[in-house]
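Take a look at the following structure, please.
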Amino acid sequence: MDKRAAFRSWWLPSLFALPQIILILLFFYWPAVAVLRWAFTLEPPFGGAAEFVGLANFREVFADPLYWNSVGVSLAFALCGTLATIFIGLVLALAVDRQLPGSAPFRFLYILPYAIAGPAAGMAFRFILSPERGLMASVNASFPDFWNPAKYGSHALILVIVVFAWKWAGYTFIFLLAGLQSVPRSLIEAAAMDGCGPIRRAVDIQIPMLAPTLFFLLVIMMTEGFVGADTYGIVARTTDGGPNHGTDVMVYRIVEEAFRGLNYSGASAQSLVLIGLIMIFTFIQFRFIERQVHYK
Amino acid sequence: MRISVTQSFIAGLLAATTLGASPAAAEKTKFEFWYGLSGDLGERVQDACKKFNDSQSEFEIVCTSQNGYDTTLQNTIAAYRAKKQPAITQIYDAGTLDMMLSGAFVPAKTLMADNGYTIDWNNYFGGIANYYATAGGELNSFPFNSSTAMFYYNADAFQKAGVDFKPDTWEQVEEAARKLKAAGFECPLAFNFDTWPLMEQFSAIHNQPIATKANGYNGLDAELVVNKTKFVDHVKFFKKMADEKLFVVKTKQLGMDTVPAFTSQTCQMVQTSIADHGTIGKSLPEGVKWDVAMLPVWNGTERQNSLVGGASLWVLAGRPEAEYKGAAAFLNYIATPEMAEWWSTVTGYIPVTKTGFDAMKSNGFYDKAPYKGREFAIQSLSFTPTSENTRGIRLGGFTQIRKEFATALEAIFMQNADVQAELDKTVERGNAVLRRFEKTYAGQTLN
């Protein structure tokens with residue numbers, strides 16, 4: 001007997017799917033089409049005659065050296081941010097997974113930062129790590145400019161990556177802890193009986209078995225680092241893209257261009273390029289990294 | 001992209017809810033007013049709305065803060081495109097040109113004439129009205145909250161350091177800074193990368209152009225020239241002073257912006273808006289003597305009027321006729337001398353009309369603390385009749401151009417970039433913004 005539940009008519013399933021389809025059309029396809037239209041025209045912000053300009057907006061974007069600077073900054077931010085969040089989340093998850101006495105509250109504590117909005121975290125860290133009044137002020141007093149994100153682009157980049165990692169490590173922690181809990185206990189116990197310490201067990205047993213989770217997090221966090229709303233919020237609240245374009249990530253540039261510059265056309269062109277880049281990265285990840293991942 | 005969608009969605013939603021949530025007290029005509037001021041100043045706008053609603057029974061104004069000048073402009077644009085625009089919106093100085101070219105407004109003069117109000121347009125201070133007026137001198141929007149940049153100094157610190165003069169010139173500022181430093185004050189003058197006092201106001205009072213075509217008033221084809229004026233020498237002077245640690249960079253990225261640096265007595269001199277006069281008076285500890293003066297000029301300069309900052313009120317097109325009656329009534333109400341005085345008292349913004357100013361002066365408003373000194377803002381704004389270089393700045397994408405210059409200053413002061421080379425590069429980038437703006441509004445001319 002055929003066990004599949006099939007609808008006999010076409011309209012009933014369509015009806016069930018309708019709310020979701022409407023939502024997707026309204027909040028995804030419609031804006032996407034608008035962006036597509038904007039990217040190839042020059043339109044005054046209040047509306048009016050939109051002049052078709054072909055690829056002029058894209059040419060302008062590509063001819064701008066600061067745009068390429070922002071691509072580089074974004075790459076550095078997304079890569080370092082992703083690796084830092086996954087590494088920190090993994091270490092925390094491994095520690096909590098050992099279920100040592102008193103580790104239960106940490107399971108909750110480590111997730112907390114994820115509940116805080118990126119811009120709020122950015123604001124807090126701007127104060128905590130400010131070079132003249134924050135935690136590093138005393139160090140700076142003895143070693144001038146040891147830490148100065150208002151002066152050095154590299155320091156500023158570290159600052160925004162720290163805020164990003166602080167917030168998102170909680171997120172990777174949840175997934176990795178769940179992944180660790182599905183690693184058969186018998187394997188770990190057997191290894192322990194053979195004399196493996198916790199680090200050896202992690203490297204040889206737990207991490208390889210987490211590969212699918214790690215790969216999933218890699219893709220998600222890279223995307224988040226490139227286009228996440230938090231990425232914009234953190235940069236806007238801490239460094240404003242500075243000093244001298246040192247933390248000018250692509251999303252920050254797009255929002256600035258669109259809303260401060262009221263240049264919707266240029267910003268749309270940049271959005272499309274960004275979407276294209278993410279597609280390429282995701283493709284690379286699936287093509288080359290996923291091959292190393294064994295799901296079973 | 002995601003942000004843009006959410007922002008416009010929120011703007012639309014806001015418009016929808018505030019409009020929807022007005023079940024209307026039957027006969028009263030309701031209309032919307034969006035403004036950008038927030039915090040304490042935003043509360044004062046609410047007070048003004050309440051006063052208007054209590055003063056008559058025909059109209060009801062619903063006032064909503066959009067929490068920031070730039071968001072007000074963005075939300076106004078989004079709402080206008082969705083045909084949910086408010087009747088009145090508050091747009092900051094830098095957004096004036098975008099509004100003028102939008103065709104999305106009812107000119108101030110037309111609105112008042114159509115609704116039977118006679119306004120003496122000459123009553124507005126020239127320096128204020130000219131900023132917002134067309135080339136022909138007609139006001140499109142109503143000057144509302146106006147300010148200009150001033151020079152604040154800590155008189156107690158001056159006394160301790162043996163500085164016995166008011167710093168009217170930059171030479172004197174330098175001398176004062178050296179004496180303060182010698183007396184052990186670590187930060188004689190605080191500055192940040194805000195171009196408003198450092199570039200725009202400096203250029204105006206020294207009669208230097210920022211762009212060709214009368215700073216953009218005579219055409220969209222204006223080009224920046226600020227890399228060839230006295231501004232370059234001024235930046236070099238600041239750089240020299242900064243290297244000698246006489247002028248000190250204070251930004252929020254470093255931990256403290258200029259105004260808190262002044263009010264915490266970390267720094268002893270600062271250039272900032274007259275709108276901060278109230279805050280500074282309230283934040284400095286009781287008993288600390290401080291004073292405010294017009295911005296210094298270089299020795300031998302014939303001082304010109306400074307530029308007005310702040311925002312004006314625009315009446316948007318496409319609303320029902322009845323709402324315009326209400327909008328006109330509201331705008332007429334807040335322009336009355338009593339309201340002008342109330343507004344200036346509670347906020348620190350300067351009165352925008354001559355009668356408003358005269359009324360306050362004759363009441364002795366400016367004679368005693370904490371309002372003493374605010375009259376210098378009027379003096380600064382109306383020091384000379386406005387000229388090509390002092391009328392205002394009417395450049396497309398000016399918010400973005402400001403940001404380009406702020407970045408250049410950051411490169412110069414934080415990373416030792418060469419002053420001339422950095423400004424040349426920035427002017428080139430700024431001109432690209434202007435050309436794109438010109439192309440976006442192809443075929444339109446300034447009138």
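Within every chain, numbering begins at 1; the chains are lettered A, B, ... in the order of the sequence lines, protein sequences first and strands thereafter.
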I'd like to know which of Ile77(B), Thr251(B), Thr407(B), Leu73(B) tops the heavy-atom pair count under 4.5 Å against chain A.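 So the answer, after comparing Ile77(B), Thr251(B), Thr407(B), Leu73(B), is Ile77(B).
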Chain B contact via Pro131(A) - side chain, backbone, both or neither, heavy atoms under 4.5 Å: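 Pro131(A) touches chain B through backbone and side-chain heavy atoms alike.
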Short side-chain to backbone donor-acceptor contact, Lys181(B) and Pro188(B), under 3.5 Å: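 Not confirmed, Lys181(B) side chain does not pair with Pro188(B) backbone.
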Keeping Gln90(B) on the side-chain end and Leu313(B) on the backbone end, is there a donor-acceptor pair under 3.5 Å?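 Such a contact is absent between Gln90(B) side chain and Leu313(B) backbone.
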Just to verify, what does Arg435(B) make a salt bridge (charged side-chain N to carboxylate O under 4.0 Å, His left out) with, not counting sequence neighbours?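 Result, salt bridge (charged side-chain N to carboxylate O under 4.0 Å, His left out) vs Arg435(B): Glu223(B), Glu438(B).
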For Ile161(A), enumerate each residue passing the side-chain contact (heavy atoms from CB on, under 4.5 Å) test, keeping only those at least two apart in sequence or located in another chain.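 Scan of Ile161(A) (side-chain contact (heavy atoms from CB on, under 4.5 Å), adjacent residues dropped) gives Phe77(A), Cys80(A), Leu157(A).
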I'd like to know which of Lys250(B), Lys439(B), Lys252(B), Met256(B) tops the heavy-atom pair count under 4.5 Å against chain A.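 So the answer, after comparing Lys250(B), Lys439(B), Lys252(B), Met256(B), is Lys252(B).
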Would you kindly say whether Thr239(A) and Thr247(A) are connected by a side-chain donor-acceptor distance under 3.5 Å?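 Yes, because at least one side-chain N or O of Thr239(A) sits under 3.5 Å from a partner of the opposite role on Thr247(A).
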Look at Pro149(A), Gly261(A), Pro45(A), Gly47(A) and state which one has the largest set of heavy-atom pairs under 4.5 Å with chain B.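 The residue among Pro149(A), Gly261(A), Pro45(A), Gly47(A) with the greatest pair count is Pro45(A).
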For the interface with chain B, which of Asn148(A), Leu274(A), Leu66(A) has the highest count of heavy-atom pairs at distances below 4.5 Å?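 Looking at each option in turn, the highest pair count goes to Leu66(A).
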Measure Asp240(A) against the heavy atoms of chain B and call it side chain, backbone, both or neither at under 4.5 Å.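 Looking at Asp240(A), backbone and side chain both touch chain B.
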Does any backbone or side-chain atom of Glu51(A) lie under 4.5 Å from a heavy atom of chain B? Answer side chain, backbone, both or neither.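 Side chain of Glu51(A) only, per the 4.5 Å heavy-atom cut-off to chain B.
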Under a 4.5 Å heavy-atom cut-off, does chain B meet the side chain of Glu60(A), its backbone, both or neither?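 Side chain only.
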Against chain B, work out which of Phe127(A), Trp30(A), Phe46(A) has the most heavy-atom pairs shorter than 4.5 Å and name it.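 Heavy-atom pairs under 4.5 Å are most numerous for Phe46(A).
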Proximity breakdown for Glu256(A) and chain B, heavy-atom pairs closer than 4.5 Å: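 The side chain, not the backbone.
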Heavy-atom pairs under 4.5 Å with chain A are the metric here; pick the option from Leu101(B), Ile401(B), Thr440(B), Asp98(B) that has the most.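 Top option by heavy-atom pairs under 4.5 Å: Thr440(B).
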Between Glu257(A) and Lys403(B), is the closest basic N to carboxylate O distance under 4.0 Å?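 Result for this pair is no, no salt bridge flagged.
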I want to check something: taking the side chain as every heavy atom from C-beta on, are Arg253(A) and Asp64(A) in contact at a cut-off of under 4.5 Å?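 Answer yes - side chains close enough.
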Sort out for me which of Gly153(A), Pro44(A), Gly242(A) touches chain B most, counting heavy-atom pairs under 4.5 Å.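 Option with the top pair count is Pro44(A).
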What part of Ser265(A) gets within 4.5 angstrom of chain B, counting heavy atoms only: side chain, backbone, both, or neither?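 Nothing of Ser265(A), per the 4.5 Å heavy-atom cut-off to chain B.
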Shorter than 4.5 Å, heavy atoms on both sides: which option in Gln400(B), Gln253(B), Met99(B) has the most such pairs with chain A?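 Sorted descending by pairs with chain A, the first entry is Gln253(B).
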Against chain A, label Ala104(B) side chain, backbone, both or neither, depending on which of its atoms sit under 4.5 Å from a heavy atom there.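 Interface part for Ala104(B): side chain.
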Heavy-atom pairs under 4.5 Å with chain A: which of Leu409(B), Thr399(B), Leu254(B) has the most?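 Option with the greatest count: Leu254(B).
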Can you tell whether the side chains of Glu200(B) and Arg402(B) come within less than 4.0 Å, N to carboxylate O?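 The answer is yes: the pair qualifies as a salt bridge.
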How far does CG of Leu316(B) sit from OG1 of Thr89(B), to the nearest 0.5 angstrom?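 Between Leu316(B) CG and Thr89(B) OG1, I get 6.0 Å after rounding to 0.5 Å.
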Nearest atoms (heavy-atom pairs only) where Thr258(B) meets Phe191(B):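 Closest approach of Thr258(B) to Phe191(B): CG2-C, 3.4 Å.
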